[in-house]
Structures are given as C-alpha cells and as structure tokens.
Amino acid sequence: MPGWLRLLLTRRMLICVFTGFSSGLPLYLLLNLLPAWLRSEGVDLRTIGLFALIQFPYTWKFIWAPLLDRYRLPLGRRRGWMLFSQLGLLLSIGLLGGFSPSSNLTPVIWLSVTLAFLSATQDVALDAFRREILSDQELGLGNSVHVNAYRIAGLVPGSLSLILADLLPWAQVFGITAAFMLPGMVMVLLVGEPPMLGAPKTLRQAVVEPFHEFIGRQGWRGALLVLGFIFLYKLGDSLATALATPFYLDLGFSKTDVGVIAKHAGLWPAVFGGLLGGLWMVRLGINRALWLFGLVQMVTILGFAWLAWRGVQAPVDALDRAALATVIAAECLGVGLGTAAFVAFIARATNPAFTATQFALFTSLAAVPRTFINATAGALVESLGWVSFFILCFLLAAPGMLLLLKVAPWNEIRPSPRR
C-alpha cells in the first residue's frame with residue numbers, strides 16, 4: 001500500500017470526514033442556500049448582503065467556548081456538546097422552510113441566527129475534539145481531510161437542495177437538507193471521548209488561562225501579529241465569494257446551472273486541492289504551505305473579475321457554462337490549498353489544555369470578514385460593479401500574505417505548543 005494512502009486510511013481520518021461534513025452543512029446552508037432562497041423569493045440584493053450579519057455567532061463563539069472547556073454534558077465534555085448542538089441544528093434547519101421571507105422576514109432572521117449560534121457551538125466542540133484526537137504529525141493531513149469533508153457537505157445545500165428547489169416546495173427542501181445532520185450524530189454516538197489534558201477546574205480558569213497562556217507564549221507583539229494574520233489571510237477570498245450565488249444568478253445562469261455546474265466544478269478541485277495540500281504539508285511543513293497555497297488562492301480571485309467582464313449573453317450556451325466551470329474550479333483549487341494550510345496553522349497555534357477556547361478565539365477572528373465585512377458586499381457591488389469588486393478582493397488578499405514574513409517565515413519550523 002502506498003505511503004500516502006496508508007496515512008489516509010486510518011480511523012482518525014475517518015472521524016475527520018464526519019466532523020467536517022457536520023460542520024460544513026449548516027454553514028454552507030447560510031452561505032449558499034439561504035441567499036438563493038431569499039433571492040428567488042424576491043428579496044433585494046442589499047438585504048441579502050446584510051444577511052451576512054446573522055453569522056455573528058461564528059465571530060463571537062470564543063465568548064461561550066470556555067463553557068465547553070469547563071462543563072461536561074452526559075456523553076462527555078466533547079461528545080455531549082457535539083450531540084446537543086447537532087440536535088438543535090436538525091430542528092432549526094427543518095423549521096426554516098416553513099416561513100415566507102417575502103411576506104414576513106423577521107422569523108426567518110431569528111431562526112437563521114439560532115441556526116448560526118448552534119452551528120458555531122458545534123464547531124467549537126468539533127474543533128476541540130479533532131485537535132485532541134490528532135497527534136502533532138497528523139494535524140496537517142487531519143485538518144485537510146476535515147476541510148475536504150467540510151466542502152463536500154456544501155454539495156447538499158449548495159447543489160442538491162438548489163436542484164430540489166426547482167422541483168419541490170421550499171419546506172420539503174429544508175426538511176431533506178436537515179436530515180443530512182444525522183450521519184454526524186451517529187458518529188458522535190459511536191466514537192469515544194478523548195482524554196482530558198489539564199482541563200480547567202473552574203469557570204474562571206477556563207476563561208482566563210487560555211488567553212494568558214497564548215500571550216505568555218507569543219508575547220504581546222507576537223500575539224497581535226498572529227491574530228492579525230488570522231484575520232487577514234482569508235479576507236480577499238471570503239469577500240470574493242460572499243455573494244457568489246447571487247452573482248451567478250445575476251449573470252443569467254439558472255438555479256439548476258448553479259447547482260449542477262458551479263457547485264460541482266468548485267467542489268472537486270477544492271477537495272483535490274485540500275487533499276493534495278494535506279499530503280504536501282507532510283513534506284513542506286505548514287509555513288511553506290501557507291506561502292505557496294496562499295499565493296495560488298490570491299491569484300485565482302482574478303478569474304471572477306474576468307468572468308464578470310466577459311458577461312453572459314442569453315440564452316446561456318455551452319461556452320458560458322464552460323467559462324463558469326473553469327473560473328470556479330481554479331478559484332476553489334486555490335481555496336482548497338489555502339484553507340488546508342490555514343486550518344493546520346490555527347490548530348498548531350492552540351495549546352491542548354485549552355483547545356476549545358483558543359481554537360474558538362482563532363476561528364472566530366477568521367470569521368470576522370465573513371460576518372461583518374462581507375455584509376458590505378452588496379453595497380460594494382452596487383457602487384463599484386462586479387469587475388471592480390473582484391479586483392478589490394484581490395488587493396485585500398495581499399496584507400495577509402505580507403504578514404507571513406513575521407508569523408510563518410519560509411525556513412522556520414515552529415513546534416506545536418505543549419503543556
């Protein structure tokens with residue numbers, strides 16, 4: 001058996017498949033299915049852009065993450081919180097399609113916020129669980145597998161559900177989408193609870209110590225540089241894809257085009273990129289991967305600017321669909337590579353004694369662009385146009401790359417923190 005295949009075919013990597021799928025499904029529902037639903041129901045583009053604000057729990061999850069480090073639910077400190085959040089997501093997604101955003105947007109907003117809160121809580125538990133079952137040598141590949149499964153989960157709300165929306169009422173579409181939370185729930189019931197490594201004994205310790213340890217290890221200047229890098233590395237890519245589905249629809253593609261062509265063309269290059277990135281990181285190391293993969297991630301944003309400049313003439317023909325597939329495939333290959341290295345960097349920066357809180361802090365900061373800056377995407381597009389908007393996204397990717405000089409030098413290998 002080839003060495004690379006032996007690395008992949010382990011029980012821990014299989015668990016990472018389920019953690020990624022469970023984590024990605026609700027987020028891609030908010031990113032892809034929800035905007036498509038709102039747009040098809042006649043909600044204006046500016047309002048859809050502002051809907052990015054409902055994702056604020058992804059940004060603030062570090063506030064309640066210490067509760068997950070400190071308190072143990074019946075199934076265990078990690079498994080209990082995982083199952084609790086998954087049950088809530090199952091119900092929230094199933095109920096969402098019962099409302100009409102065109103006639104009454106308020107309950108849609110509140111249910112979407114609840115869904116985002118439960119999804120962010122699940123991410124805290126899943127990230128901590130995954131960090132605690134993987135060895136330091138498995139971090140790059142394990143997080144790559146997680147990211148790949150995360151993207152594969154996007155097939156459900158971003159492809160299957162969109163196709164079903166042309167055939168079924170939205171209430172049934174959301175019910176079917178909710179059922180895809182079940183595999184992750186089964187996984188939680190079958191796996192064991194990871195050992196507790198110096199778990200906090202009080203709530204105060206759970207709140208204070210993760211921040212004290214991180215600043216003590218990095219120093220104030222080093223800590224600020226790391227946090228700045230985490231904020232900026234995915235900024236351009238995140239903003240470029242904030243209104244991806246409405247962008248495709250505005251170009252003239254149908255929902256079925258988006259579901260079949262756009263999502264599949266983006267998925268498999270992203271999966272290939274993430275998997276290849278994880279295997280390359282075993283040889284390259286995380287630092288060099290951040291440089292190489294980040295450059296590809298940045299350059300491929302320009303493909304969207306070209307697609308917007310090119311435009312689409314009705315009726316949509318095979319050449320238009322090929323152009324869409326090519327641009328999305330290239331961009332998603334870059335994102336797959338960049339995300340694999342980025343998540344591995346975040347995992348390496350955490351201390352296993354405070355996994356949930358530190359991981360939540362870092363990923364919350366990474367979610368700020370997606371939540372708050374992306375909320376301006378609709379207004380930016382309306383004022384700049386699609387071409388200038390995507391060029392701006394390309395320029396916004398540069399500062400994160402420059403910070404690599406300080407936080408991940410090309411020839412420096414930094415060990416994972418241990419307690």
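Residue numbers count from 1 along this sequence. Just so you know, these numbers come straight off a predicted model, no measurement behind them.
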*Asks:* Heavy-atom distance under 4.5 Å between the side chains of Leu126 and Ser22, does that happen here?
*Replies:* yes

*Asks:* Output yes when a side-chain donor or acceptor of Thr177 lies under 3.5 Å from a complementary backbone atom of Val173, and no otherwise.
*Replies:* yes

*Asks:* Check for me whether the distance between the ring centres of Phe62 and Phe362 falls short of 6.0 Å.
*Replies:* no

*Asks:* Tell me which pairs pass salt bridge (Lys or Arg N to Asp or Glu O under 4.0 Å) where either residue lies in residues 107-127, with sequence neighbours left out.
*Replies:* Asp127-Arg130

*Asks:* Give a yes or no on whether the backbone of Val108 and the side-chain of Ser112 come within a donor-acceptor separation of less than 3.5 Å.
*Replies:* yes

*Asks:* Main chain of Leu290, side chain of Tyr233: is a donor-acceptor contact present, judged purely on distance under 3.5 Å?
*Replies:* yes

*Asks:* Do Phe180 and Leu160 pass the side-chain contact (heavy atoms from CB on, under 4.5 Å) test, and can you show the C-alpha distance, the side-chain angles, and the key distance before you say yes or no?
*Replies:* CA-CA 11 Å; Phe180 282 89; Leu160 175 63; 3.8 Å; yes

*Asks:* Under 3.5 Å, side chain of Glu132 to main-chain N/O of Pro194, donor-acceptor pair present?
*Replies:* no

*Asks:* Test your reading of the model: is there a side-chain donor-acceptor pair from Ser85 to the backbone of Met82, 3.5 Å cut-off?
*Replies:* yes

*Asks:* For Phe84, does the CZ atom have more than 12 heavy-atom neighbours from other residues, nucleotides or ligands under 6.0 Å away?
*Replies:* no

*Asks:* Which residues pass the salt bridge (Lys or Arg N to Asp or Glu O under 4.0 Å) test with Arg79, sequence neighbours left out?
*Replies:* none

*Asks:* Got a donor-acceptor contact below 3.5 angstrom from the Asn287 side chain to the Pro409 backbone?
*Replies:* yes

*Asks:* Search all heavy atoms of Phe389 against all heavy atoms of Leu239 and return the closest pair with its distance.
*Replies:* CZ-O, 3.3 Å

*Asks:* Is the backbone of Gly20 close enough, under 3.5 Å, to the side chain of Ser23 for a donor and an acceptor to pair up by distance?
*Replies:* no

*Asks:* Under a 3.5 Å threshold, yes or no: a donor from one side chain and an acceptor from the other, between Thr114 and Ser92?
*Replies:* no

*Asks:* In terms of side-chain geometry, is the basic nitrogen of Glu193 or Arg77 positioned less than 4.0 Å from the acidic oxygen of its partner?
*Replies:* no

*Asks:* Which residue pairs satisfy the salt bridge (Lys or Arg N to Asp or Glu O under 4.0 Å) criterion with at least one member in residues 380-391, sequence neighbours excluded?
*Replies:* Arg46-Glu382

*Asks:* Counting N and O atoms only, with roles assigned by atom type, does the side chain of Arg131 sit under 3.5 Å from a partner on the main chain of Ala347, one being a donor and the other an acceptor?
*Replies:* yes

*Asks:* Looking at every non-hydrogen atom in both residues, tell me the closest pair between Ala360 and Val124 and how far apart they are.
*Replies:* CB-CG2, 3.9 Å

*Asks:* May I ask you to decide if Leu134's main-chain N or O and Arg12's side chain share a donor-acceptor pair within less than 3.5 Å?
*Replies:* no

*Asks:* Using a 3.5 Å distance criterion without hydrogens, assess whether the side chain of Trp291 forms a donor-acceptor pair with backbone atoms of Ala408.
*Replies:* yes

*Asks:* Please give me the minimum heavy-atom distance between Arg11 and Leu190, naming the atom from each residue.
*Replies:* NH2-O, 4.2 Å

*Asks:* Passes side-chain contact (heavy atoms from CB on, under 4.5 Å), Leu33 versus Trp170? Steps please.
*Replies:* CA-CA 11 Å; Leu33 185 60; Trp170 279 106; 3.6 Å; yes

*Asks:* Which atom pair, heavy atoms only, marks the closest approach of Pro35 to Leu30?
*Replies:* CD-O, 3.3 Å

*Asks:* Under the ring pair (Phe, Tyr, Trp, His ring centres under 6.0 Å) rule, what pairs show up with a residue in residues 106-131, not counting sequence neighbours?
*Replies:* Trp64-Phe117

*Asks:* How would you list all residue pairs meeting side chain to side chain donor-acceptor pair (under 3.5 Å) that involve residues 386-400, not counting sequence neighbours?
*Replies:* none

*Asks:* Take Met401 and Leu232, measure what side-chain contact (heavy atoms from CB on, under 4.5 Å) needs, and give me the verdict at the end.
*Replies:* CA-CA 8 Å; Met401 292 296 297; Leu232 292 170; over 6 Å; no

*Asks:* Do any pairs count as a salt bridge (Lys or Arg N to Asp or Glu O under 4.0 Å) and have a residue in residues 166-192, sequence neighbours left out, and if so which ones?
*Replies:* Asp166-Lys255

*Asks:* Under 6.0 Å between the ring centres of Phe247 and Phe390?
*Replies:* yes

*Asks:* Tell me, with the steps shown, if Phe174 and Leu29 meet side-chain contact (heavy atoms from CB on, under 4.5 Å).
*Replies:* CA-CA 9 Å; Phe174 279 100; Leu29 185 149; 4.3 Å; yes

